[in-house]
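Shown next, in structure tokens, is the structure this report addresses.
Naming: A, B, ... by sequence-line order, numbering from 1 per chain. Everything numeric here is computed off the predicted structure, so don't read it as measured data.
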2 protein chains.
Amino acid sequence: MTSTPRPTRGSRTRALIVDVAERLFAERGIAAVSNRQIGEAAGQGNNSAVGYHFGTKADLVRAIVRRHTEAMEHRRAELIAELDDSAELRDWVGCLVRPVTDHLASLPAPTWFGRFLAQADAEPTLRQVIIDEVAGTPAMRRVVEGLARLRPHLPEQVRLERGAMARILIVHVTAERESALHDGAATPRATWDDTARGLTAAICGIWQVPADAADTTDADADDAPDADAPRTAPTRREGA
Amino acid sequence: MTSTPRPTRGSRTRALIVDVAERLFAERGIAAVSNRQIGEAAGQGNNSAVGYHFGTKADLVRAIVRRHTEAMEHRRAELIAELDDSAELRDWVGCLVRPVTDHLASLPAPTWFGRFLAQADAEPTLRQVIIDEVAGTPAMRRVVEGLARLRPHLPEQVRLERGAMARILIVHVTAERESALHDGAATPRATWDDTARGLTAAICGIWQVPADAADTTDADADDAPDADAPRTAPTRREGA
DNA sequence: GTCCATCTAAAGCACTCGACTTAGTGAAGT
DNA sequence: ACTTCACTAAGTCGAGTGCTTTAGATGGAC
């Protein structure tokens with residue numbers, strides 16, 4: 001437990017900035033929010049408070065993620081510990097899904113972390129930051145191994161593909177639900193718990209597909225067989 | 001066929017702007033690219049060429065999408081026409097997946113449309129534009145009806161949820177593959193055709209999950225049972 | 001109680017932004 | 001040949017940006 005030694009003035013400001021930045025990033029997108037706006041929204045008269053406490057914007061993003069990873073990693077380790085030898089696919093997939101949904105449910109409403117993750121996923125460089133921070137943890141590696149052990153006959157490529165699909169689904173389904181919650185719009189699921197059930201079921205469905213049904217032809221062929229097809233649709237005038 | 005009547009000077013410029021904008025949006029994100037940058041990259045000395053030809057940025061996004069929708073819609077109608085009464089789940093799901101992957105395969109490499117779609121998906125307002133343009137077409141509605149007919153026992157909520165999951169997977173899996181292609185990185189699939197196979201198999205897996213396995217408890221309960229849990233992780237200093 | 005590193009406030013700088021104005025170009029229509 | 005009008009070039013404007021500097025405030029260590 002890295003217990004906070006003493007909440008100095010600076011650490012409180014940093015926490016405030018992280019809070020505000022997470023919200024603004026989730027709402028407007030990461031690239032669209034300036035450090036100035038974050039500083040102002042955090043009540044910092046200072047122009048460059050963000051630049052002072054965090055170096056680059058990527059560092060700020062990392063700080064935002066880190067505030068959440070510990071709780072999720074802890075929950076993931078818990079779920080893994082509950083598994084016994086009879087653990088089946090559903091249980092292991094739950095170790096992917098539940099840490100996220102449970103964490104979102106545990107945060108004070110309204111939450112922003114779901115949409116923030118989706119936004120960070122849009123920027124390729126930041127996506128790597130997220131993957132490193134969230135998916136590179138020890139518990140996460142154990143889950144990946146567990147899934148591989150349950151599906152030993154799947155080619156490595158297919159396992160990677162399905163892992164990526166699971167990640168995409170978890171990130172964007174939770175983000176869309178969080179967004180709908182915030183807008184007061186209809187959601188397919190009533191609670192985060194139900195959302196976890198739906199996500200787990202879907203990801204199980206993906207992993208249950210037999211290998212040959214999704215088999216690659218393993219062709220060395222490169223892409224784009226007819227690469228010079230003209231772009232037919234005429235560009236219509238749009239403006240006033 | 002809306003045959004181009006005469007490629008005037010303006011229409012050529014517009015097409016060029018649309019080209020350049022699609023690329024820049026895909027690379028850097030939509031909010032991060034200014035109209036100025038697009039105009040300059042398109043060789044327009046004019047500051048506000050983009051503003052002149054297209055009104056707002058949303059209009060430009062719509063124009064970019066429209067250049068692709070016709071081909072995809074046509075392909076989707078083709079695929080539907082090939083279906084007979086014996087059509088099963090895999091065939092209908094193919095009508096979701098193939099129009100996108102086939103279209104990407106038909107474009108001259110490198111393509112940008114996949115990443116562009118993913119970027120547009122990040123901005124909530126633009127996502128609605130995309131959904132309206134791509135998912136609101138006649139052929140698309142027929143596919144949704146076809147899927148519903150094959151899974152009549154699924155609650156409407158679950159059908160909506162799985163439709164959203166299919167959309168998310170198609171958009172982001174193709175975007176990540178396109179991105180990897182562009183970076184020369186490894187891809188789980190060798191060709192767009194293989195990608196379509198993998199996507200179709202996964203989405204079929206999702207739709208094959210029985211309803212009760214993903215059933216909602218249908219609770220009226222609102223969210224966040226313990227909404228005031230503290231955010232435990234201490235914010236560590238990041239900067240230099 | 002004093003000291004001093006840490007943190008915040010405030011202002012300046014060169015730059016880019018969208019929106020707008022004005023002038024100029026060139027091809028189609030007559 | 002001339003007019004017309006859609007289009008392009010070029011520049012201006014205030015607002016906003018990241019980055020840097022300087023001065024002042026805060027609060028824990030001694």
Side-chain angles (χ1 to χ4, degrees), chain A residues 3-21 24-25 27-64 119 123 125-126 234-240, chain B residues 3-21 24-25 27-64 119 123 125-126 234-240:
Chain A
S3 60
T4 339
R6 47 191 163 120
T8 70
R9 182 166 60 135
S11 72
R12 264 180 283 123
T13 303
R14 275 191 292 275
L16 185 57
I17 288 176
V18 168
D19 257 341
V20 168
L24 292 181
F25 285 164
E27 284 176 334
R28 308 183 206 166
I30 294 177
V33 177
S34 69
N35 288 351
R36 262 182 147 91
Q37 290 172 329
I38 298 170
E40 284 177 16
Q44 301 297 303
N46 192 349
N47 262 346
S48 50
V50 174
Y52 175 80
H53 288 287
F54 310 86
T56 72
K57 196 176 267 189
D59 290 326
L60 176 54
V61 167
R62 209 185 309 268
I64 295 174
Q119 291 289 352
E123 213 127 346
T125 62
L126 296 180
T235 309
R236 300 286 192 90
R237 169 66 182 279
E238 283 300 318
Chain B
S3 61
T4 342
R6 48 196 160 115
T8 69
R9 183 165 57 134
S11 73
R12 264 180 282 123
T13 304
R14 273 191 291 276
L16 185 57
I17 289 176
V18 168
D19 259 339
V20 168
L24 292 181
F25 285 163
E27 283 176 335
R28 307 182 207 167
I30 294 177
V33 177
S34 69
N35 288 350
R36 263 180 146 92
Q37 290 171 331
I38 298 170
E40 282 176 18
Q44 301 296 303
N46 192 348
N47 261 346
S48 48
V50 174
Y52 177 79
H53 287 288
F54 310 86
T56 73
K57 195 176 268 188
D59 291 325
L60 176 55
V61 167
R62 208 185 309 269
I64 296 174
Q119 292 289 353
E123 212 126 347
T125 63
L126 296 180
T235 309
R236 299 283 195 91
R237 169 65 181 279
E238 284 302 315

* Asked: Taking atom C1' of D/dC19 as reference, at what distance in whole Å does atom CG of A/N46 sit?
  -> 12 Å

* Asked: Could you state the CZ-P distance from B/F54 to D/dT8, rounded to the nearest angstrom?
  -> 11 Å

* Roughly how many Å is it from CD1 in B/I38 to P in D/dT8, rounded to a whole number? -> 15 Å

* Between A/A49 and A/R36, which is nearer to the 5' end of DNA chain C once each is assigned its nearest nucleotide? -> A/A49

* Structure fact -> Of all heavy-atom pairs linking B/Q119 and B/G29, the shortest is OE1-CA, 3.4 Å

* **Stepwise side chain to side chain contact (heavy atoms under 4.5 Å, CB included) test for A/V20 and A/I17** => CA-CA 5 Å; A/V20 168; A/I17 288 176; 5.9 Å; no

* Structure fact -> NE2 of A/H53 to CG of A/N46, rounded to nearest 0.5 Å, is 8.0 Å

* Atom NE2 of A/H53 and atom P of C/dA9: how far apart are they, to the nearest Å? -> 9 Å

* Asked: Could you go step by step and tell me if A/V61 and A/F54 meet the side chain to side chain contact (heavy atoms under 4.5 Å, CB included) rule?
  -> CA-CA 9 Å; A/V61 167; A/F54 310 86; over 6 Å; no

* Structure fact -> When rounded to whole Å, the CZ to P distance for the pair B/R12 and D/dC7 reads 11 Å

* Nearest to side-chain heavy atoms of A/T13, which nucleotide of C/dC20, C/dC7, D/dC7 -> C/dC7

* **Closest-nucleotide 5' rank along DNA chain C - winner of B/S34 and A/N47** => A/N47

* Asked: Whole-Å distance between D/dT8 C1' and B/L16 CG?
  -> 13 Å

* Find the distance A/D59:CG to D/dG18:P and express it as a whole number of Å. => 15 Å

* Consider the side chain of A/Y52, meaning its heavy atoms from C-beta on, and name the nucleotide among C/dC7, D/dC7, D/dT20 that approaches it most closely. => C/dC7

* Short side-chain N/O contact to C/dA10 OP1/OP2 from A/Q44, under 4.0 Å -> no

